There are 4 protein chains.
Amino acid sequence: MDVLPPRHLKARKQPRQARAATTIDAIFEATIQVLIAEGTHRLTTTRVAERAGVSVGTMYQYFPHKQSLLYALNERYLDRLAHRVEVTCLAHHGRTTGEMVEALIATYWEAKTERSDVTRALYSSAVELDNEALIDAFAKRMDAATRVMLVSAPNNRYTDIGLINVTLLSVIFGTVRNVFERNLPPSDQNAIRDELKRMCLAYLTMAGGETCATIQVA
Amino acid sequence: MDVLPPRHLKARKQPRQARAATTIDAIFEATIQVLIAEGTHRLTTTRVAERAGVSVGTMYQYFPHKQSLLYALNERYLDRLAHRVEVTCLAHHGRTTGEMVEALIATYWEAKTERSDVTRALYSSAVELDNEALIDAFAKRMDAATRVMLVSAPNNRYTDIGLINVTLLSVIFGTVRNVFERNLPPSDQNAIRDELKRMCLAYLTMAGGETCATIQVA
Amino acid sequence: MDVLPPRHLKARKQPRQARAATTIDAIFEATIQVLIAEGTHRLTTTRVAERAGVSVGTMYQYFPHKQSLLYALNERYLDRLAHRVEVTCLAHHGRTTGEMVEALIATYWEAKTERSDVTRALYSSAVELDNEALIDAFAKRMDAATRVMLVSAPNNRYTDIGLINVTLLSVIFGTVRNVFERNLPPSDQNAIRDELKRMCLAYLTMAGGETCATIQVA
Amino acid sequence: MDVLPPRHLKARKQPRQARAATTIDAIFEATIQVLIAEGTHRLTTTRVAERAGVSVGTMYQYFPHKQSLLYALNERYLDRLAHRVEVTCLAHHGRTTGEMVEALIATYWEAKTERSDVTRALYSSAVELDNEALIDAFAKRMDAATRVMLVSAPNNRYTDIGLINVTLLSVIFGTVRNVFERNLPPSDQNAIRDELKRMCLAYLTMAGGETCATIQVA
DNA sequence: AATGAATGAGCCTTCATTCAT
DNA sequence: TATGAATGAAGGCTCATTCAT
């Protein structure tokens, strides 16, 4: 994310050297591991440092306090997630709306699901974190990416592409999270995912994307 | 909810006297207030007790520990929420799918939005709370209520009502939460809400609910 | 014990009515039960009252505070113990030293061992209890009882009966406790008990009690 | 003691640096001081830390909880005590039984008496402490030390040295404690101590240690 | 630069005791 | 007189953060 973080959340130093980058990565990984293994309420700086193989002191050289660590972690996560979605969007320029929806949902779903423990850990780490700016920036990036893609669809005659687009994203992102939290068995999750594709497609079709005849889900 | 809570989360004593009931209510209210005013990580038993106008000792007479308080709070909240939705569902038996979707989304959205600070507070309080059972029971209640309603629609020819129903709920609940977290201005929120109605309707129509011609949103 | 307890440890009211005596007994029993089942550090007034089937309020009517309860409990225990030993001593007036030692040790050992959990519970309850006066009175009673018995032995030619007597009691009481704390298997305990008898007898014989020839242990 | 302590009672970290060792010693000393000055029931982590001149946090770096501190303290104490007795035993190899008993009792008595406040404090700290393993290990060490010594006596013809030995130790240790608890004036204590020597000697003589003629107490 | 011992505010929880009913 | 809800001081323990080495 290229947003300015709230001043107090900035990481202390930018990694200039390879060694530093390695250390920071180790700290990030350790944070996730602790989060998964012990839960948010047992996520302590000491534990993270220990798991990362560095001293607390060193950790505090990179992250002036716990919050900044979590902030940076979420930043990195959202950045990667956004990137994946952007790549997908670019790759589906000019395709049919059906293909777009299919690809968008598949990508996002996959990204969230492939390491569900990590996803869950990050959801929980974000609580009580002043990460509105992060969420916002992520939303904007996604918005831009999908909008450009949608518009590129042949035959589109959307009246309010902005609204349609933001709706689509809210629905997709929201549904994924909801399904996540209900801890349904994978088969049910997949079934819902496919229904979600159908639903989005029906919506787009109705909104002027394509004719009814093209409704198709892989 | 009439689920058995995990043993260790049970409240200590059921209020027998009116005085006790008052006390418990005060504690619940205080918890919400503290949650709103200070956030989850500053929610301490002392602060809650103080705000509720009772001593910590008294609090511990009703809730064996902090977690059980949060559990009970969420239980109460979900119970009321479920109740509201059930009432709506009953009231729309036999109506058209359009009316149903409209009413369902309106009710849920309203319930979540009218006291958005409370909603937000409860979302955050639930983190790290072993409330799976609660979520589950809530989901089942909702599932049952909307399913019965949907089936009662004239002309319905749904093939897999179970899947359709669960999808609908995941989408609606998920979207509400997502919109919530993005902190969009109310006008945008409402716009998305209406789009959501359209989307659900399009989905149901496509799935065999009614003919395209009836698509209508208030 | 007929000692004046430290003023602040006095029980609040003497049981005048049968009902009160029953209640007090229930409280004593409950105290012992809690002590055995949960240990000293979980011995709370509430738990005792609950187990005794009375309310805390009622308990506080008989015992102005926790300490007074424990004091009274120990008093009762030592009183009964002393009584048992006194009876034995009286019953062995004029017998041989060997019979006396045998009986004394047997009685005391039996009293301590027959309900070892109770004994242990009372040992632990006495810690940090200002019960010096109790111990003292108990010691004096024992001293008097055994001394009179010892002197009544035919042929005794003890030079310093007072010292011999106090030594005997210290050795016996101390050994019992020590064996107790080491948690040896019963067979070992019994073996040591018999050795203790031999030892005491050897001591008395040497000190002028009887001729070597009479050393005999049952 | 070289026993494995119950897992949960282990000290957290072994002192690697001189500074840490100093800290730990200060904590031990402080614990004893608090125990003496205030009693077991006022022994709080805060008070100990304060008296030791460290913060609670530091204390918890070395002892994971209060119990482990008391455990370690008792361990250290018993270790030193055992060592003293062992030295005495070694120093009296091959001597007469009379000299052995004299030395054994003198050493143990001295060790317990020279700082009677400390001894008393430690007795009381051990209540409700799961220190059976400690007691056991101590007993075994003592047993071994005194047995080897006893056997080395010229002319010994003990039939069951094991039983005799364990009896001797129980009697000596028990008597010391009993005398201790009765708070007799020092002169009485010493008188009893000498009688105890006589008694033990009479016992050993009778049990085949030596001829009656050698009974002698310093 | 890196380390990790030390700090201490603050959290959750218990329990002896009181007192309105 | 009996009850048990309410009290709140005090205890054990954690953990973000600092700083001497």
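Owing to the predicted nature of the structure, the values given are computational and were not obtained by experimental measurement. Numbers restart at 1 for each chain; the letters A, B, ... are given by sequence-line order, proteins then strands.
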- [ ] Name the closest nucleotide to the D/Thr58 side chain, picking from F/dA2, F/dA6, E/dT7.
- [x] E/dT7

Open item on the list: Reading DNA chain E from 5' onward, which residue's closest nucleotide shows up sooner: A/Val54 or D/Met59?
Closed with: A/Val54

TODO: Respond yes when some side-chain nitrogen or oxygen of A/Tyr60 is under 4.0 Å from OP1 or OP2 of E/dA2, and no when none is.
DONE: no

TODO: Report yes if the side chains of B/Arg76 and B/Asp25 come closer than 4.5 Å at any heavy-atom pair, otherwise no.
DONE: yes

Task: Side chain of C/His65 - closest among E/dT17, F/dG4, E/dA6 - done: E/dT17

- [ ] Rounded to the nearest 0.5 Å, what's the gap from CG on C/Leu70 to CG on C/Asn131? Could you check?
- [x] 10.0 Å

Open item on the list: Here's a test for you: under side chain to side chain contact (heavy atoms under 4.5 Å, CB included), which of A/Val34, A/Val56, A/Thr31 qualifies with A/Thr45?
Closed with: A/Val56

Open item on the list: Could you report the tightest heavy-atom contact between C/Leu43 and C/Lys66, atom names first, then the distance?
Closed with: O-NZ, 2.9 Å

Open item on the list: How many whole angstroms separate atom CD1 of A/Ile24 from atom C1' of E/dA2?
Closed with: 15 Å

Open item on the list: Is it the case that the ring center of D/Tyr62 lies less than 6.0 angstrom away from the ring center of D/Phe28?
Closed with: no

TODO: Look at the side-chain N and O atoms of A/Gln61 and state whether any lies under 4.0 Å from the OP1 or OP2 oxygen of E/dA2.
DONE: yes

- [ ] Give a yes/no answer on whether the side chain of A/Ser55 brings an N or O atom under 4.0 Å of OP1 or OP2 in E/dG4.
- [x] no

Open item on the list: Regarding D/Thr40 and D/Ser125, do their side chains bring together a donor and an acceptor under 3.5 Å, going by distance alone?
Closed with: no

Task: Residues D/Glu128, C/Arg120: salt bridge by 4.0 Å N-O rule - done: no

TODO: Send over the distance from D/Glu50 CD to E/dT7 P, rounded to a whole Å.
DONE: 13 Å

Open item on the list: In this structure, how many angstroms lie between the C1' atom of E/dC12 and the CG atom of B/Leu69, rounded?
Closed with: 13 Å

Task: Neighbour count above 12 (heavy atom, 6.0 Å) for C/Glu132 CD - done: no

Open item on the list: Expressed as a whole number of angstroms, how long is the span from A/Phe63:CZ to F/dT18:P?
Closed with: 16 Å

Open item on the list: Whether the side chain of D/Asp79 engages the backbone of D/Glu75 through a donor-acceptor N/O pair (distance < 3.5 Å, no angle test) should be reported.
Closed with: no

Can you give me the N/O atom pairs linking the protein to nucleotides 9-11 of chain E at distances under 3.5 Å, or say none if there are none?
from, atom 1, to, atom 2, distance (Å)
E/dC11, OP1, B/Arg47, NH2, 2.9

TODO: State the dot-bracket string of DNA chain F. Criteria: Watson-Crick or G-U wobble, both atom distances under 3.5 angstrom; notation: ( ) intrastrand, [ ] crossing earlier pairs, | interstrand, . unpaired.
DONE: .||||||||||||||||||||

